[in-house]
Structure formats: structure tokens, C-alpha cells
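Take a look at the structure set out below.
Note on naming: letters A, B, ... go to the chains in the order of the sequence lines (proteins, then strands), and numbering restarts at 1 for each one. What's counted below: heavy atoms across the whole structure, side chains too, no hydrogens, waters or symmetry copies.
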Amino acid sequence: MILGKDFFDRDCLEVAPELVGKIIVRKTDDGEMRVRITETEAYRGEEDKACHASRGRTPRTELLYAESGTIYIYLIYGMHWLMNVVTGGKDNPQGVLFRCGEGLSGPGKLTRHLKIDKSLNGKSFFSNPQIWIEDDGFKSAIKTAPRVGVDYAGDEWKSKPWRFIMSAE
DNA sequence: TTAGTGATATCC
DNA sequence: GATATCACTAAA
């Protein structure tokens, strides 16, 4: 079953752990790819110092304020595209980062493998012929951990257990 | 451990 | 206009 707007239209702390174990389906001219999500991170609004939206609404973060299910693609370190999905509804800048997929390691590799770049920025995960997310009924144990690469956000925010990882068993 | 890379935000 | 920063990876 393909995830619709209702799935994303909730708090990112609910959406992020539920996305673990789901499948990203990516369709390109070369065919169709499927990757099971193994790791996500939640970024929760302007009060979250680690969230891009914490510095206010800018042209880049504008998409975080869009409808739930909007795809937010961001180029980091000049070389890597990171993919997020907007959650929490309009004018509520929450997002979930797709951090890793099965057989891969790291968000940069995930997007490279799926041929994701800014051409998908601003698209949505439903009613989209290029990319969507499926639930095949797979359930997995999930563990949490502090988020990665957010040292700049200060102790309170960098220690939040908002990283969700598929557990081996 | 360090280099590489470029969009974005922030400061002139 | 300039420069500092960054939700990373690969090579060493």
C-alpha cells in the first residue's frame, strides 16, 4: 500500500519511527528501484536548534512550511543531496530525514543510489509517478539514538533521541 | 585524520 | 560584492 498524505500529516516524532522498514520506490528512465528504509531522523520545528527552520523562514526552508508529504532536498557540503519529507502540516516546519537504506550506508549514498537530486525538490510523496513510499506490512524492532552532525545545536537539542534505526532482530 | 565541494546565510 | 558554514563521503 502506498503511503498517502494522512501518514505524513502527523507529528514528525510519530512519522519518523514508522517510516523505518517502509520501502522507497524510485522510478527513472532506467527502471524502478526499491530500497527499504533503515534509518531516519526527526527535525521538529523552529524551536529545534538542529532544524534548518530554527533560523527562521528563508527561501531554502520555505518548503518545510509546505504541505505534509512534500519532498525537501538539500545539497550539503557541496557534494551530497539529502532527502527529507515534510510532516506536521502546513506552516509547521517539521521534517524527517531519510538517513539510510538497506544495503547502503549514509544519506549521501542513499540519494546517489536512487538518483535523487534537486529536480525532485518540492515534489510530493503521493500522486507522484517518480517516487513514492510503500508499506509492505514489514514490521521491525526500532532503536533510537542521538542525531548525527548536529553538534552546533547545543546540548539540549543534540542529545535528543530523535534518530530511529532498524534493529537487526 | 584530512580534502573536496558548492549552495546558502550572513556580513560588508 | 565577500566569506563562513554545513543534517557528508572517500581516501589515507
Residue pair Y65(A), E46(A): steps toward the side chain to side chain donor-acceptor pair (under 3.5 Å) verdict: CA-CA 10 Å; Y65(A) 294 78; E46(A) 291 176 350; 2.5 Å; yes

Do the side chain of T61(A) and the main chain of G56(A) share a donor and acceptor less than 3.5 angstrom apart? yes

Let's see if you get this right: which residues in residues 70-88 of chain A place a heavy atom under 4.0 Å from DNA chain C? I76(A), Y77(A), H80(A), L82(A), N84(A)

Is E39(A) close to R163(A) at the side-chain level, that is, under 4.5 Å between some pair of heavy atoms? yes

L63(A) to V86(A) - nearest heavy-atom pair and separation: O-CG2, 3.3 Å

For DNA chain C, the dot-bracket pattern of Watson-Crick and G-U pairs whose distances stay under 3.5 Å, | for other-strand partners: ||||||.||||.

Rounded to whole Å, how long is the line connecting atom CZ of R60(A) with atom C1' of dT5(C)? 10 Å

When rounded to whole Å, the CG to C1' distance for the pair D151(A) and dT5(C) reads 14 Å

Any cation-pi pair here, R10(A) with F8(A), using under 6.0 Å and within 45°? no

Identify, residue by residue, the members of residues 33-49 of chain A with a heavy atom below 4.0 Å from DNA chain C, and return them in order of residue number, or none. Y43(A)

Counting only side-chain nitrogens and oxygens, does R112(A) get under 4.0 Å of the OP1 or OP2 atom of dA10(C)? yes

Check: V148(A) main-chain N/O paired with E41(A) side-chain donor or acceptor under 3.5 Å: yes

Heavy-atom donor-acceptor pair, N128(A) side chain to S124(A) backbone, under 3.5 Å: yes

Taking the side chain as everything from C-beta on, heavy atoms only, tell me whether F126(A) gets closer than 4.5 Å to I2(A). no

Atom pair distance, as rounded to whole Å: CG in L64(A) and C1' in dT8(B): 14 Å

At less than 4.0 Å, is any side-chain N or O atom of K118(A) found next to OP1 or OP2 of dA7(B)? Yes or no. no

For the rings on Y43(A) and H52(A), is their centre-to-centre separation under 6.0 Å? no

Between R99(A) and dC8(C), is there a side-chain N or O to OP1/OP2 distance below 4.0 Å? yes

Could you check which of dC8(C), dT9(C), dA9(B) has an atom nearest any side-chain atom of V148(A)? dC8(C)

Base, sugar-phosphate, or nothing for R147(A), non-hydrogen atoms under 4.0 angstrom? nothing

Please report, rounded to the nearest Å, how far the C1' atom of dA7(C) is from the CZ atom of R55(A). 12 Å

Of all the heavy-atom pairs spanning L64(A) and C51(A), show the shortest one and how long it is. CD1-SG, 4.3 Å

Go through D48(A) and K160(A) one step at a time and tell me if the salt bridge (charged side-chain N to carboxylate O under 4.0 Å, His left out) criterion holds. CA-CA 10 Å; D48(A) 178 3; K160(A) 296 272 187 203; over 6 Å; no

